[in-house]
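These notes are about the structure you will find just below.
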Amino acid sequence: MTDPLSLDDWQPDRNLAMELVRATEAAAMRSTPWIGRGDKNAADGAAVDAMRRFLATVNMNGTVVIGEGEKDDAPWLYNGERVGNGLGAECDVAVDPIDGTRLTAEGRPGALSVIAVADRGSMYDPSAVFYMDKLVAGPEGVGVVDIRKPIGENIRALAKVKGVDVSDIRVAVLDRPRHSQLITDIREAGAGTRLIMDGDVAGGVNAARWDSGIDMCVGVGGTPEGIITACAVKALGGVIQGKLWPRDDDERQRAIDAGHDLDRVLEANDLVASDNCYFVATGITDAEFVEGVQRRGPFVRAESIVMRSHSGTIRHIISDMDPNRWE
């Protein structure tokens, strides 16, 4: 009798994220000397350099579709740059060497180094409109919350399906003047807010996790960050919705000229069409789901989270490295 799962025949897919985590670890490690020193550009430059060097060793044929160049006029990890050693599958790559440069510069919690990867051509092109109105929730929110509904209605619906009081619901929102009415509406609905200074990706990932203490993340943030977050949400089984949010009439017209429907609600599969995507993040400063880089005796410890949507696998990785020999 032939065993259909014989080890001679069965070969599991290689988890690319286990290679990518070395790049986020490198970016986090190289940025830590700049934590709390007030120079976010120096921190970001160190992280970009380290991430790029390690990405060159990864078995993939990647093209950066969400990178540093467009946002920060950076010479490396720009949109269109080829990354990887060219030996693996073709893929879209989204990078954010530091999600939360200001958090890093000011020594505040919540800064991450992040990479997302998906099949080539599957990531939404965010170039026309830099901002997006977003809603993220965990698996309980699938088919329950809707960005087109008033926030109070979404809060009550989510509380009902989770079997909790509305007062137990916590909603993460970027602390920006544009969200003043949204924050008021959340509180008037009876829910609490978790105001975040920066860290758009961390806010969305926390909302999709079952054990974070955040039930929903709403408001206007970066479109690129929304696509990166969608890779994590697909692994976590949650819901993400977005609507492009032009900042002015000129950006609105550019979006229309590019063929975008500004009334369209973008779902997870619109933001990342592939069902085989990866999300990797390493803590720079302490975040909700990973601790920041820290000294442990003669070692430096980095904590990372690795997710793959195809398998739904979520791994937590702790690496202790000797800074005198680390590479």
### Task
Locate the shortest heavy-atom distance separating A207 from C217; write the atom from each residue and the value.
CB-N, 3.5 Å
### Query
Where do D275 and K234 land on the salt bridge (charged side-chain N to carboxylate O under 4.0 Å, His left out) test, with the steps shown first?
CA-CA 8 Å; D275 287 326; K234 294 187 81 166; 3.5 Å; yes
### Query
What residues, two or more places apart in sequence or in another chain, satisfy side chain to side chain donor-acceptor pair (under 3.5 Å) together with Q181?
D185
Show me the donor-acceptor pairs within less than 3.5 Å that the side chains of residues 208-216 make with the rest of the protein, sequence neighbours left out.
from : atom 1 : to   : atom 2 : distance (Å)
R209 : NH1    : N206 : OD1    : 2.9
R209 : NH2    : D211 : OD1    : 2.8
S212 : OG     : N206 : O      : 2.5
S212 : OG     : I214 : N      : 3.1
S212 : OG     : I214 : O      : 3.3
D215 : OD1    : K162 : NZ     : 2.5
D215 : OD2    : R170 : N      : 2.7

### Message
Measuring only between side-chain heavy atoms, which start at C-beta, is Y278 closer than 4.5 Å to C91?
### Response
no
#### Entry: Separation between SG of C231 and CZ of R308, rounded to the nearest 0.5 Å
13.0 Å
### Message
Is the shortest side-chain heavy-atom distance between R82 and V64 below 4.5 Å?
### Response
no
### Query
Is the closest side-chain heavy-atom distance between I317 and V306 below 4.5 Å?
yes
### Message
Determine whether a donor-acceptor pair (N or O, by modelled atom type, separation under 3.5 Å) exists between the side chain of D286 and the backbone of G292.
### Response
yes
### Message
Tell me whether T223 contacts the main-chain N or O of Y131 through its side chain, where contact means a donor paired with an acceptor under 3.5 Å.
### Response
yes
### Message
Hydrogens and angles aside, do Q253 and D257 bring a side-chain donor and acceptor to less than 3.5 Å of each other?
### Response
yes
### Query
With a 4.5 Å heavy-atom cut-off, do F279 and V233 have their side chains touching?
no
### Task
Please check if the side chain of D165 supplies one atom and the backbone of S167 the other of a donor-acceptor pair under 3.5 Å.
no
### Task
Quick one: list whatever passes salt bridge (charged side-chain N to carboxylate O under 4.0 Å, His left out) with D146, sequence neighbours left out.
R148
### Query
Given M123, which of V117, I228, V65, V93 fulfils the side-chain contact (heavy atoms from CB on, under 4.5 Å) condition?
V65
### Task
Please confirm whether the backbone N or O of V220 pairs with a side-chain atom of H179, one donor and one acceptor, at under 3.5 Å?
yes
### Message
The test is salt bridge (charged side-chain N to carboxylate O under 4.0 Å, His left out); show your working for D44 and K40 and say whether it passes.
### Response
CA-CA 6 Å; D44 195 47; K40 66 179 185 178; over 6 Å; no
### Task
Examine M60 and V95 and state if one hydrophobic cluster contains both, with Ile, Leu, Val, Met, Phe, Trp and Tyr joined whenever side-chain heavy atoms are less than 4.5 Å apart.
yes
### Message
Within the 4.5 Å heavy-atom criterion, are V293 and E25 side-chain neighbours or not?
### Response
no
### Query
Out of curiosity, does I155 fall in the hydrophobic cluster containing I240 (side-chain heavy atoms, cut-off under 4.5 Å, transitive links)?
no
### Query
Does R296 come within less than 4.0 Å of D320, counting only side-chain N to carboxylate O?
no
### Query
Shared ILVMFWY cluster between V142 and V164, side chains joined below 4.5 angstrom?
yes
#### Entry: Exam field: side chain E251 to backbone R247, donor-acceptor pair closer than 3.5 Å
yes
### Query
Does the pair D133/K243 count as a salt bridge with the N-to-O cut at 4.0 Å?
no
### Task
Kindly indicate whether the side chain of V300, heavy atoms from C-beta on, has any atom under 4.5 Å from the side chain of Q294.
no
### Straight-line distance of D198 CG to D175 CG, nearest 0.5 Å
10.0 Å
### Query
Would you find a donor on one side and an acceptor on the other, under 3.5 Å apart, between the side chain of S274 and the backbone of N276?
yes
### Message
Would you say CZ of R176 has more than 12 non-hydrogen atoms from neighbouring residues, nucleotides or ligands within 6.0 angstrom?
### Response
yes
### Query
Is there a side-chain contact between M307 and V205 (heavy atoms, below 4.5 Å)?
yes
#### Entry: Test salt bridge (charged side-chain N to carboxylate O under 4.0 Å, His left out) applied to R252 - qualifying residues, sequence neighbours left out
none
#### Entry: Hphob cluster co-occupancy, I151 + V173, side-chain heavy atoms under 4.5 angstrom
yes
### Task
Please answer whether the main-chain N or O of Q241 pairs with a side-chain N or O of E267 as donor and acceptor at a distance below 3.5 Å.
no
### Task
Would you confirm whether E81, through its side chain, and L77, through its main-chain N or O, come within 3.5 Å as a donor-acceptor pair?
yes
#### Entry: Polar side-chain atom of S122 near backbone of D119 as donor-acceptor pair, under 3.5 Å
yes
### Message
Between T193 (side chain only) and I183 (backbone N and O only), is there a donor and an acceptor less than 3.5 Å apart?
### Response
no
### Task
Determine whether V129 and V265 fall in the same hydrophobic cluster, where Ile, Leu, Val, Met, Phe, Trp and Tyr are linked whenever their side-chain heavy atoms lie under 4.5 Å apart.
no
#### Entry: Under the side-chain contact (heavy atoms from CB on, under 4.5 Å) test, residues paired with A111 that sit two or more places apart
L103, T104, I284, T285
### Task
Flag the pair L135 / N154 as yes when at least one side-chain heavy-atom distance between them is below 4.5 Å, and no otherwise.
yes
### Task
Under the salt bridge (charged side-chain N to carboxylate O under 4.0 Å, His left out) rule, collect the residues that match up with D200, sequence neighbours excluded.
K134
